[in-house]
Amino acid sequence: MARSPCCDKMGLKKGPWTPEEDKILVAHVQKHGHGNWRALPKQAGLLRCGKSCRLRWVNYLRPDIKRGNFSREEEDAIIDLHEKLGNRWSAIAARLPGRTDNEIKNVWHTNLKKRLKKKLATPNSKGHSTAAASKCDSGTWRYT
DNA sequence: AACATGGGCAACCGCCAACAT
DNA sequence: GATGTTGGCGGTTGCCCATGT
């Protein structure tokens, strides 16, 4: 299938978004919506590709996004959903209002790292590899 | 006080599926 | 039905900051 020549276009900005760009994007989306991400940056006067705009909006600028630390309940929900759904971050995010797939993915990776470290530090269950994880009834994780 | 290391997060890349022509 | 376009998703990378040495 054809690949979309998105960010490789010359003259498009990459890297962190500035507050000015955020303002422009928010104002444009609130006024016109985001029917066409590809056309949006041109209409809004942003030197970004549509993908970049969409990502910024979905992961950071959306008004319904809940910022800040994850509660214990949310973490438990992520763990539970991950067990059921696997790495379907968007599906998990859909069940956690105000959270984005990117955020959940980040949390998972950092938590997984922590848990792996913990597990290696306290090898109370011998012979487990690190290939897969499963939840025990106590809420702790086994990497089998 | 300076440097090294690790963690957390935002953003990018590449692929795929759905839709349009 | 074939081809092109767009949006969406998951994996990965790079930067910044906090902490340790």
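For the numbers below, each heavy atom of this structure counts, side chains included, while hydrogens, waters and symmetry mates do not. Protein chains get the first letters and strands the later ones, always in sequence-line order, with residue 1 at the start of each.
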A:R38 side chain: which of C:dT6, C:dG8, B:dA11 is closest? C:dT6

Please tell me which of the listed nucleotides, C:dG8, B:dG8, B:dC12, lies nearest to the side chain of A:S52? B:dC12

Figure out the NE2/P separation between A:H82 and C:dG10, and round it to whole Å. 10 Å

Is any side-chain nitrogen or oxygen of A:R54 closer than 4.0 Å to OP1 or OP2 of C:dT6? no

Close N/O contacts between protein and nucleotides 11-15 of chain C (under 3.5 Å):
residue	atom	partner	partner atom	Å
C:dG11	OP1	A:N87	ND2	2.9
C:dG11	OP2	A:N87	ND2	3.4
C:dG11	OP2	A:W89	NE1	2.9
C:dG11	N7	A:K105	NZ	2.6
C:dG11	O6	A:K105	NZ	3.0

Can you check the A:E75 CD to B:dG8 C1' distance for me, whole Å? 13 Å

Quick one: is B:dA11 close enough that its OP1 or OP2 comes under 4.0 Å of any side-chain N or O from A:R56? yes

Calculate the interatomic distance between A:I78 atom CD1 and C:dG10 atom P; express it in whole Å. 14 Å

What integer distance in Å separates A:W108:CH2 from B:dC9:P? 16 Å

Considering all heavy atoms, the nearest A:A93-A:I104 contact: CA-CD1, 3.3 Å

Does a nitrogen or oxygen in the side chain of A:K14 sit under 4.0 Å from OP1 or OP2 of B:dC13? yes

Quick check on C:dG10: is either OP1 or OP2 less than 4.0 Å from any side-chain nitrogen or oxygen of A:R88? yes

Find the distance A:R99:CZ to B:dA10:P and express it as a whole number of Å. 11 Å

Rounded to whole angstrom units, what separation is found between the NZ atom of A:K51 and the C1' atom of B:dG14? 7 Å

For A:H34 and C:dG7, what is the distance between atoms NE2 and P respectively, to the nearest whole Å? 11 Å

Strictly by Watson-Crick or wobble contacts shorter than 3.5 Å, is anything paired with C:dC9, and which nucleotide is it? B:dG14

So, the side chain of A:Q30 versus the backbone of A:A27: is there a donor-acceptor pair under 3.5 Å, distance only? no

Kindly indicate whether the side chain of A:V29, heavy atoms from C-beta on, has any atom under 4.5 Å from the side chain of A:L40. yes

When the distance from CG of A:N69 to P of B:dG7 is rounded to whole Å, what number comes out? 17 Å

Separation of A:I92 CD1 from A:N87 CG (nearest 0.5 Å): 7.5 Å

Heavy-atom closest pair, residues A:V58 and A:T100: O-CG2, 3.3 Å

Cation-pi geometry met for A:R99 and A:W89 (6.0 Å, 45°): no

Connected-component partners of A:I65 among ILVMFWY, side-chain separation under 4.5 Å: none

The side chain of A:W37 lies closest to which of these nucleotides: B:dC12, C:dT6, C:dG8? C:dG8

Less than 4.0 angstrom between a side-chain N/O of A:S90 and OP1 or OP2 of C:dC9, yes or no? yes

